Amino acid sequence: MDMRDVKGFLIDLDGVLYTGDIPLPGARKAMEFLTERGYPFRCVSNSTRKCRATIAARLKKLGFGIPKRAIFTPTLAAVRYMQETGKHRAYLLTTGDVDRDFAGTCTDDGSTNVDYVIVGDAGDKMTYASMNHAFRCLMEGADLIALEKDRYWMAPDGISLSAGPFVAALESATGKTATVVGKPSKAFFDLALRDMGLAADGVVMIGDDILADIGGAQAAGMRGILVRTGKFREEALEAALIKPAAVINSVGDIGTIL
């Protein structure tokens, strides 16, 4: 892979820089290396359990010098989408403190008379009652927004279901198609690229998901580097039609190909 024309990076967080509360070996040095070399970067995470401020605080606690402004999450794309449409009533099917990113934009009076059902990785809040409420909202006219549509992720206690299967269930039940605002949507990647002021062909995405990270980046005009950490599965790489520009053992090896 010829890296001489690379101007910047988009970097996944969970599974690339850390897993759970443990930084991956070499990850902090890799970020320091990119900073020292003057490469601009944005951390583009499909995490939908934590608001951006909480993610930034967590990264600081783990020893990463990554500012809040360098973090992009699907909630930012969803907020922009709602602002552009001028519709603000929404049922949030999420968990954690991600609702803080919607403060001032999203209103929810508890009824089924809303403009949007917004689904993220809601963990144990994905109950029959919550899914049925979302279903009723959609059947009464709401549109479906998926913060992400990942199938699974690597939780601290093992591989776990993400939002994708639940979004698919709502699509199947209602006949509606979700608007995906997180990876691998082109709109999400474009937002991060615009913030860096860089063209897609000069940016490389580093991720652990062959579909959401590498496939999404390629569809947006970028190149993708796949790491063998996090949710990486050799069989998924072998079966995929998507071919990354490079595969490295971890983000700590990025210096070996720059």
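Since the model is a prediction, treat every value here as computed from it, not as a measurement.
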Is atom [atom1] of [X] surrounded by more than 12 heavy atoms (other residues, nucleotides or ligands) closer than 6.0 Å?
X      : atom1 : answer
Lys243 : NZ    : yes
Arg233 : CZ    : yes
Asp109 : CG    : yes
Arg89  : CZ    : yes

Next item on the list: Return yes if some donor-acceptor pair links the side-chain N/O of Thr229 with the main-chain N/O of Gly15 below 3.5 Å, else return no.
Entry: yes

Margin query: Between Asn46 (side chain only) and Gly182 (backbone N and O only), is there a donor and an acceptor less than 3.5 Å apart?
Written below: no

[Y] and [X] side chains, donor-acceptor separation under 3.5 Å:
X      : Y      : result
Tyr116 : Thr179 : no
Thr75  : Asp101 : yes
Asp97  : Thr54  : yes

Checklist line | Pair Asp21 + Arg58: basic N to acidic O under 4.0 Å | finding: yes

Check: Sequence neighbours excluded, which residues qualify as salt bridge (charged side-chain N to carboxylate O under 4.0 Å, His left out) partners of Arg49?
Finding: Asp121

Notebook entry, point to check: With sequence neighbours left out, what residues match Asp253 under salt bridge (charged side-chain N to carboxylate O under 4.0 Å, His left out)?
Noted result: none

Notebook entry, point to check: Is the closest side-chain heavy-atom distance between Arg228 and Glu234 below 4.5 Å?
Noted result: yes

Check: Do Met131 and Leu93 have side chains that get closer than 4.5 Å, going by heavy atoms?
Finding: yes

Check: What is the minimum heavy-atom distance between Ala245 and Arg223, and which atoms define it?
Finding: CB-CB, 4.2 Å

Check: Only one of Asp209, Asp208, Asp12, Thr19 clears side chain to side chain donor-acceptor pair (under 3.5 Å) with Lys231; which?
Finding: Asp209

